Trainee: 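Dropping a structure here in structure tokens format, bear with me for questions.
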Number of protein chains: 2
Amino acid sequence: MASTRNDSAVTVRDVAQLAGVSPGTVSKALNGQGQLREETRQRVQEAAEKLRFRPNQVARSLAEGRTYTVGMLTSDSFGRFTLPLMEGIEDSLGAGKVSTLLCDGRGDPLRERHYLAELLNRRVDGIVVTGRRPDERRSVGQLPIPVVYVLGRSDDPEDLTVTNDDEQGARLAVEHLVAHGRTRLAYVSGPAHHLSTQLRRQGFEAAAAAAGMTVSDLLTGHWSEAWGRTAAGLLARRTSGLVDGVVCGSDQIARGLTDGLREAGVRVPQDVSVVGFDNWDVMVQAARPPLTTVDPKLVRLGRLSASRLLAAIDGAELGRGVVAQPCELVIRESSVPT
Amino acid sequence: MASTRNDSAVTVRDVAQLAGVSPGTVSKALNGQGQLREETRQRVQEAAEKLRFRPNQVARSLAEGRTYTVGMLTSDSFGRFTLPLMEGIEDSLGAGKVSTLLCDGRGDPLRERHYLAELLNRRVDGIVVTGRRPDERRSVGQLPIPVVYVLGRSDDPEDLTVTNDDEQGARLAVEHLVAHGRTRLAYVSGPAHHLSTQLRRQGFEAAAAAAGMTVSDLLTGHWSEAWGRTAAGLLARRTSGLVDGVVCGSDQIARGLTDGLREAGVRVPQDVSVVGFDNWDVMVQAARPPLTTVDPKLVRLGRLSASRLLAAIDGAELGRGVVAQPCELVIRESSVPT
DNA sequence: ATGAAAGCGCTAACAA
DNA sequence: TTGTTAGCGCTTTCAT
């Protein structure tokens with residue numbers, strides 16, 4: 001029937017008629033295309049406003065062959081890491097009047113394939129694949145549109161991945177400890193088979209070696225406070241003058257460790273300095289004392305990945321391989337002995 | 001030019017040609033419309049697959065006057081509460097082959113208006129507005145499409161809001177404590193002017209009164225662990241035989257309180273039972289002991305709101321006012337004395 | 001500087 | 001049961 005349901009009803013033709021011009025002119029006037037007399041442009045604009053004209057993006061997309069939409073596909077579910085990433089992605093996209101279509105793959109390959117097809121059918125201009133997963137994730141393959149992976153890496157070296165530099169982050173932490181006179185360092189992190197555990201360990205060891213420090217312990221376990229507390233026990237047993245600086249693989253571990261140490265009578269940071277990883281506000285603030293930590297700058301990561309994607313959509317080379325962005329150290333009280 | 005960029009190139013016409021039918025028939029065959037001979041449908045399907053036909057949803061949307069897309073507008077930023085809501089929303093929408101367009105209002109009215117306009121231009125079929133904000137949020141106003149608010153309430157009684165029943169949640173907590181022999185109860189929550197603080201307090205008081213319990217304290221402060229610890233100090237000073245059950249307004253508070261009590265030599269749950277609110281995994285698991293808590297069932301909330309929206313899009317009455325869904329109690333160790 | 005006309009790829013009403 | 005014909009609302013050459 002005529003007006004199906006949510007029709008704004010008013011189209012370029014209505015505006016054209018009111019302004020006394022042709023539809024083509026309306027299009028040009030409203031989009032700043034072509035050569036129009038200023039007076040005409042004005043008149044069209046007024047007509048559009050008067051009629052509360054809502055240009056139909058769907059029609060525009062069809063005509064233009066471009067949707068100004070990008071898909072955001074999460075490999076694992078929406079996690080805590082997804083939020084800052086999304087924020088950054090929206091930052092970049094919003095600036096370019098591009099909208100985000102959300103798809104939560106939930107770590108299910110089938111679901112993911114389904115969503116991928118959907119995004120393609122909807123003719124998105126590009127896709128950003130986010131995900132925090134141990135190690136790499138399967139590439140979505142060669143697509144007719146640019147794809148960028150953020151945080152979680154693609155297993156295809158031809159794809160572009162934007163992520164944080166775990167190794168550098170850990171180095172930052174070590175250098176900070178060393179600068180504050182710490183000499184006997186330990187590393188306490190998550191599961192040994194996680195890529196981030198490994199990369200951070202490499203950074204830790206490299207920096208420790210470079211500074212000529214003693215590495216007393218390299219402990220791997222879980223990404224939990226409980227593990228942090230357990231590790232505190234392990235370290236505390238031989239604490240007297242032994243370990244005086246600990247780099248943790250996450251803020252949760254760091255917090256658990258701090259709690260554990262305090263309860264074992266070890267003072268943080270006087271006796272032992274602790275540095276976390278993630279700069280997760282909740283953990284970092286609630287810890288006693290507040291945690292010095294390595295910030296992977298996830299919002300920035302999101303922004304960067306989206307802007308690379310936009311550039312690629314506009315014809316630039318997308319690039320390939322892993323782009324690792326530097327982390328930043330955020331100094332709070334857990335690491336600086338009076 | 002002919003192939004702009006990301007053209008799958010293959011259209012209904014190509015499929016039609018290969019299958020030896022007309023474009024209209026292809027449409028019907030692929031969408032299960034009209035009366036087709038099974039053999040024809042088959043042939044079309046094969047042709048489509050062979051050509052790797054990707055039906056252009058944009059064109060379909062334009063023709064059908066429906067986009068199978070809903071907008072998700074967050075009032076405050078993506079917060080921790082947003083994740084489970086999104087999960088639920090996606091659950092419902094995904095089932096209906098509807099996609100989600102993401103818009104993060106970030107609490108900025110200007111930004112929000114901009115996004116709203118964008119969603120309307122894109123002709124979304126409906127909008128779900130999410131938000132955790134103290135008190136109500138401004139209605140986005142009468143729109144030509146259905147809108148449902150979730151978690152954060154609209155200030156317009158004509159709008160539909162789906163949220164959790166804070167009062168009932170608090171009652172649940174009290175009843176649980178009472179059932180376990182607790183008799184002198186306290187309520188420790190966030191800022192007094194937050195609606196959720198108030199509603200939960202009402203539930204708390206009503207249930208306590210109904211059970212003939214003594215209410216020793218009603219404390220309001222912040223949604224933080226630090227405040228929980230402070231409150232623990234306040235309670236502990238007069239603990240000996242006084243307070244034996246505490247209902248907290250959040251898991252963070254509950255966790256801080258538990259830590260504070262423990263450090264003050266009060267045993268949880270032997271001396272005092274503690275119940276949190278939110279069932280936020282991180283907090284609830286890391287607390288010692290793990291927290292009994294009220295679960296607002298956010299995923300379910302998301303699912304419900306989206307399915308109401310879908311129904312409305314399909315012509316059903318949307319309804320109005322606040323629909324408060326019951327919370328559920330999750331029992332762990334912090335509340336059950338031996 | 002503006003208008004006319006074709007077409008983006010699909011669906012849907014109407015014929016055949 | 002299938003084909004034909006119009007659009008959906010916009011952009012975009014190409015004339016004028």
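What you see is a predicted model, and the numbers here were worked out from it, not measured in a lab. Sequence lines set the chain letters: A, B, ... in the order given, protein chains first and strands last, and positions in each chain run from 1.
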Trainee: Go through D:dG9, D:dT1, D:dT11 for me and flag the one nearest to the A:R60 side chain.
Mentor: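 Minimum distance to the A:R60 side chain belongs to D:dT11.
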
Trainee: Closest approach to the side chain of B:Q35, judged atom by atom: which nucleotide of D:dT1, D:dC10, C:dC10 is it?
Mentor: D:dT1

Trainee: Can you check the A:R123 CZ to C:dC10 C1' distance for me, whole Å?
Mentor: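 After rounding, the gap between these two atoms is 11 Å.
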
Trainee: In plain terms, say whether A:D281 and B:R80 are close enough for a salt bridge, that is, a side-chain N and a carboxylate O under 4.0 Å apart.
Mentor: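 Looking at B:R80 together with A:D281, the answer is no, because their closest N to O distance does not fall below 4.0 Å.
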
Trainee: Let me know the distance between CZ of A:R41 and P of C:dA1, rounded to the nearest Å.
Mentor: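 Rounding to the nearest Å, CZ of A:R41 and P of C:dA1 are 10 Å apart.
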
Trainee: Whole Å only: how far is the CG atom of A:N121 from the C1' atom of C:dC10?
Mentor: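 To the nearest whole Å, that distance equals 13 Å.
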
Trainee: Between P on C:dC10 and OH on B:Y68, what's the gap in Å once rounded to a whole number?
Mentor: 15 Å

Trainee: In whole Å, I'd like the distance from the CG atom of B:N56 to the P atom of C:dG7.
Mentor: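 In whole Å, C:dG7 P and B:N56 CG are 18 Å from each other.
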
Trainee: Check for a donor-acceptor pair, side chain of B:D155 on one end and backbone N or O of B:S139 on the other, with a separation under 3.5 Å.
Mentor: yes

Trainee: What nucleotide, of C:dT2, C:dA13, C:dT11, holds the atom closest to the side chain of A:K28?
Mentor: C:dT2

Trainee: Would you say A:T11 reaches D:dG9's phosphate, i.e. side-chain N/O to OP1/OP2 under 4.0 Å?
Mentor: no

Trainee: More than 12 heavy atoms of other residues, nucleotides or ligands under 6.0 Å from CZ of B:R113: yes or no?
Mentor: no

Trainee: Find the distance B:E39:CD to D:dT1:C1' and express it as a whole number of Å.
Mentor: 12 Å

Trainee: Considering just the side-chain nitrogens and oxygens of B:R13, establish if one lies under 4.0 Å of OP1 or OP2 belonging to C:dG9.
Mentor: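 False: B:R13 side-chain N/O out of range (4.0 Å or more) of C:dG9 OP1/OP2.
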
Trainee: Would you say A:T25 reaches C:dG3's phosphate, i.e. side-chain N/O to OP1/OP2 under 4.0 Å?
Mentor: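 So the side chain of A:T25 is within the cut-off, an N or O lying under 4.0 Å from OP1 or OP2 of C:dG3.
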
Trainee: As a test of reading the structure: which of D:dC10, C:dG3, C:dG9 is closest to the side chain of A:V21, going by heavy atoms?
Mentor: C:dG3

Trainee: Grab the CZ-P distance between A:R66 and D:dT11 for me, whole Å please.
Mentor: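 In whole Å, D:dT11 P and A:R66 CZ are 14 Å from each other.
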
Trainee: Respond yes when some side-chain nitrogen or oxygen of B:T40 is under 4.0 Å from OP1 or OP2 of D:dT1, and no when none is.
Mentor: no

Trainee: Rounding to a whole Å, what distance do you find between B:Q33:CD and C:dC14:P?
Mentor: 16 Å

Trainee: Take atom CD in A:Q17; do more than 12 heavy atoms of anything else shown fall under 6.0 Å from it?
Mentor: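 Counting neighbours around CD of A:Q17, 12 or fewer heavy atoms of other residues, nucleotides or ligands fall under 6.0 Å, so no.
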
Trainee: To the nearest 0.5 Å, what is the distance between CG on B:L85 and CG on B:L304?
Mentor: 11.5 Å

Trainee: Check whether any side-chain N or O of B:S27 sits under 4.0 Å from OP1 or OP2 of C:dT11, and answer yes or no.
Mentor: yes

Trainee: Taking only N and O in the side chain of A:S61, is any of them less than 4.0 Å away from OP1 or OP2 of D:dC10?
Mentor: no

Trainee: By nearest atom, which of the nucleotides C:dC8, C:dT2, C:dT11 is closest to the B:N31 side chain?
Mentor: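 Nearest to the side chain of B:N31 among the choices is C:dT11.
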
Trainee: Here's a test of your reading of the structure: between B:G20 and B:L62, which maps to the more 5' nucleotide of DNA chain D?
Mentor: B:G20

